[in-house]
Every structure is written in C-alpha cells, then in structure tokens.
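Sequence lines set the chain letters: A, B, ... in the order given, protein chains first and strands last, and positions in each chain run from 1.
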There are 2 protein chains.
Amino acid sequence: MNLALPQIKNLSIREQSLDTLREAILSGELKPGQALTETDLARQLGVSRAPIREALRILNSEGLVETIPYHGTTVRRLTKTDIEEIYSMRILLETYAMEQVIEKCQPADLQRLREIVDRMVRAGDAGDLIAVNALDRDFHDALIEMSGHQLLHSMWLMVAMKVRQVMALVNRRNTDLTLIARKHLPLLEAMEVGDAAEAKTILGRHIATAGDLIAEDWVEP
Amino acid sequence: MNLALPQIKNLSIREQSLDTLREAILSGELKPGQALTETDLARQLGVSRAPIREALRILNSEGLVETIPYHGTTVRRLTKTDIEEIYSMRILLETYAMEQVIEKCQPADLQRLREIVDRMVRAGDAGDLIAVNALDRDFHDALIEMSGHQLLHSMWLMVAMKVRQVMALVNRRNTDLTLIARKHLPLLEAMEVGDAAEAKTILGRHIATAGDLIAEDWVEP
DNA sequence: TTTTACGTCATTGTCTACAATCTACAAGCG
DNA sequence: CGCTTGTAGATTGTAGACAATGACGTAAAA
C-alpha cells in the first residue's frame, strides 16, 4: 500500500507560534523595538499564553528578542556594530566551511553549487530580485551544509537569521542583480581548481563588500 | 549608609531552574541520555511545571537537551564527532579572537592575561587541579572578551559550555598540571611581540592537542 | 514649586487542572 | 501463530486563574 498520501504534520502550537513570530521578525514585519505583549500575541494567534511564552523564551535565546522582567519583550534593536559583527562572523564561518569543502572536494557538491549559480544568473538576467536572493541564500546554505559540520551549521543558522532580518530592514538601493549573481562565478572556478586560498579570499571579499554596503548607510531608528 | 550588605537576588524561578539544570548538566551530574521528566524536576525543585518547561525550552535551543514531543526530554548525547566539532569550533573562534586582540594591542589586556597565567603556573606547581582548570577557563574567556566582539562572545559561550561538559565527563588521565599551565607562556610571548601568525599557530595547536587527547579515548555510553 | 508617598493599571510570573499524544502490552480476529 | 486493534498508564501540551512586580499619574506635604 502506497497511496503517496501527504504526511500529516501536527506541530505543537508552540512550534507554530515560534515559526510565525520568527518569520515575522526576519521578514521585517515586526520591526526592532516593537513591543511584544504576551496577551496580545496569544489573542492574535488564537492560543493561550503558555505556548507563546515558551516561543518567546526560545526567540530570546536566539537573540531575536529581548525580555526585561515584568516589563515586556521587544524585538531586539540592531546597531551598526551588530551589522558589522554579523558580517564578520559570516566571513569567519563561511570561509572555514569553504576550506573544509575544498579539502573533501566532492564533484557532486561542486555540481550542486554550479546549478544554483546558473539558476541565479538566469534569475538575475530576468530581473527577478526575489529569486536571486533566495538562490543566494541557497548557495551559502549549501556551502555550510556541505562542510558536514553540524555545530558550524547550527552557529551559521543564527547568523543567517540575522542576515535575513538585516536584508529585510535595509532600504535596498538599486543593486545590479546580474552583477550579484555573476560574482559567484569566479568563486566556483577557484573551488573547481581546488585553490582554497583564492576561494577564501574571494568569498571573504564578497561577503565583506555586501556587509559594508549595508553597514554604510545603516540608520538606527 | 553603606553596610556592604549582600545584594538580594530575586531571579525568577525560571532563571533559577535554568541555572540549576544547566549547572547540573555541565558538571556532569546529569549525564547524557538521562531522562528529564517535567513533573519530577518540578517536584524536586519545589516549583510548578511552567517555569521548568520554559527552562527546558531554553536548554533545548542551547543544544544541551533534546525534546521529543509527547515523549520526553533527555540530556543530549555526545558523540566522538561532537567532540571533534566542538574543538574545531573552539580553534576557529579563539584564533579569530586572538587576531582581533593582537590587532588592537592593549597593554592592559596583555597584563591581565599574564596575571592569569602567572596564577595558573603557581596553581600548577601547587598541584591544584581545580584552580588550574578555572584559570585556564578564565584565560580563554578573557581572550574572547577582549576581542570586544559580542556576537563572537555569545557563540563562544555555547562552545565553552559544551567544553565544560566534556571536561566533566571525561576520565581525566593523570595530566601534568605544570605543563598545562606553562604551555600558555610561549603564547603570551608571541602576543607581546605582536606576532599574530605565531600566536594563532600556538593557540590552535594548544587547543587541538587538548581536543585530540579527549576525543582519542572517548567512549560513548 | 519641588518632592515624596501612594494607588491604579498593565504586564509578566507562577500555579493548577485538564486535554492530547505516545508507548507498550493485552485482547480479538484471521 | 501472526497481525491488527483496543486499552491503560505515563508524559507532554494547553488553557485559564491568580499573584507579583514595575511604571505612571495623582495628590499631599515640605
């Protein structure tokens, strides 16, 4: 018997609340400084306070919200220093992953990355900003994943979340999409010839310039 | 009026429970695989389940425990791979911190480190294992802190917790205390002359050998 | 006018009771 | 005997009520 029935997912209310709130924060729907009162959230999501509280504790330990006892929970504010730290940590984690991946040098991995970049280039030519961003995330996510380093991956998830949030909050200046996509090409080439030093340099610069652009005209509300 | 009265700490029950449980895990009192039933914990700590649950959610997102829905929470098991990952991450984070610290080169920082090492050497000569360990932690903690990188610090806290747990669980072979303490001396010298490359190399080896010793004869229960 | 004391209100912290779910084992059926 | 199905016990998930705390405004006193 195999009817290909869809898996029934029965996530707990806590998990659903957590996902909803986190998504709202990362998408910029909930802005830094915004107060999150448990009662309101519970009413809005149609649940009781208990699962909301547990979700908020998790978001707190993820560094997305801040809680002051008996005072309230707010979406964590992002300073310019935060941005710089996020991007410097990105460089550290990703270049390390790059090193590990090149060391193992699995052809299948390289092909997977190349496919992502190809699609990114096509999306860039088509002017599809959203697709380019999604594929860019996929690329860097894949890189970390391919390192096979679980702890690295979990740390990177934290940083990647904050990157998403920053990207959602920043007033995107008219960026050259085709340029972003094509910037990944020399990186891929360095990986294919196994030049770890070159690949790390390119990747580092790639991330640093992206971070600098954002940190440069970051205005704190 | 200044009676030097001790500060009255009125931490929430959740925080107290969290600290208690975390300490129990990191000290090895609660061993990997150990089941943590909310009702039992609540009864033992003399509180209700609600704050216990919130504490467990936090420990879960810190990676110290694992929760399976409707099944229970257990202390996370540590595999040999986990150990290797923990120590490789330590190297990555600490060498980066070292780079940052040397770049800024504050004499006061160096002096602070030297004081810690001096005390460590003395404790080593006195055969005080506990003091040596505490001072070793202080040293590496100070190094990270002096980098002034908050995000780095928060990530390092996660790794440092797991290091503590591993250290508590491993059957310590009769290590040469004076050797451990004195191993920090060449590191300090490299820092004082501002030789970043040398300092990073020494630090990396220092941590790697410590990790290898532990990973080597790690037996999973 | 300034300062202090106090009461009100909103919000979080905690507790208890009840519902939902899982595991394991026993009972029914071929 | 083997498989499925039902049931019991334990554990987690959720809800709602109540207590504790802190902020703010108001009024009384210096």
Rounded distance in Å - [atom1] ([X]) to [atom2] ([N]):
X: Glu66(B); N: dT11(D); atom1: CD; atom2: P; value: 19 Å
X: Glu15(A); N: dT21(C); atom1: CD; atom2: C1'; value: 15 Å
X: Leu11(B); N: dA20(D); atom1: CG; atom2: P; value: 18 Å
X: Glu38(B); N: dG13(D); atom1: CD; atom2: C1'; value: 8 Å
X: Ile52(B); N: dG13(D); atom1: CD1; atom2: P; value: 14 Å
X: Gln16(B); N: dG13(C); atom1: CD; atom2: C1'; value: 12 Å
X: Asn60(A); N: dG13(C); atom1: CG; atom2: C1'; value: 15 Å
X: Arg14(A); N: dA20(C); atom1: CZ; atom2: P; value: 17 Å

Check the interface with nucleotides 15-19 of chain C: list each N/O to N/O pair with the protein under 3.5 Å, or write none.
from: dC15(C); atom 1: OP2; to: Ser48(B); atom 2: N; distance (Å): 2.8
from: dC15(C); atom 1: OP2; to: Ser48(B); atom 2: OG; distance (Å): 2.7
from: dC15(C); atom 1: O5'; to: Ser48(B); atom 2: OG; distance (Å): 3.4

For this session: Would you mind listing every salt bridge (charged side-chain N to carboxylate O under 4.0 Å, His left out) that reaches into residues 100-112 of chain A, with sequence neighbours excluded?
Result: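 Matches after skipping sequence neighbours: Arg112(A)-Glu145(A).
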
Exercise. Could Asp82(B) and Arg76(B) be called an ion pair, given the rule that one side-chain N must be under 4.0 Å from one carboxylate O?
Worked result: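 A salt bridge is present here (some side-chain N lies under 4.0 Å from a carboxylate O).
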
Problem set entry | Salt-bridge present (Glu62(B), Arg22(B); N to O < 4.0 Å) |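 So Glu62(B) pairs with Arg22(B) through a salt bridge.
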
For this session: Report the distance from atom CG of Leu92(A) to atom CG of Leu93(B), rounding to the nearest 0.5 Å.
Result: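 Interatomic distance, Leu92(A) CG to Leu93(B) CG, rounded to 0.5 Å: 6.5 Å.
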
Exercise. Residues two or more places apart in sequence or in another chain: which of them pass side-chain hydrogen bond (donor to acceptor under 3.5 Å, both in side chains) with Arg119(A)?
Worked result: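 Once residues adjacent in sequence are excluded, Arg119(A) has no partner under the side-chain hydrogen bond (donor to acceptor under 3.5 Å, both in side chains) criterion.
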
Exercise. Does Ser147(A) reach the main-chain N or O of His149(A) with its side chain, forming a donor-acceptor pair under 3.5 Å?
Worked result: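 Side chain of Ser147(A) to backbone of His149(A), a donor-acceptor pair under 3.5 Å: yes, one is there.
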
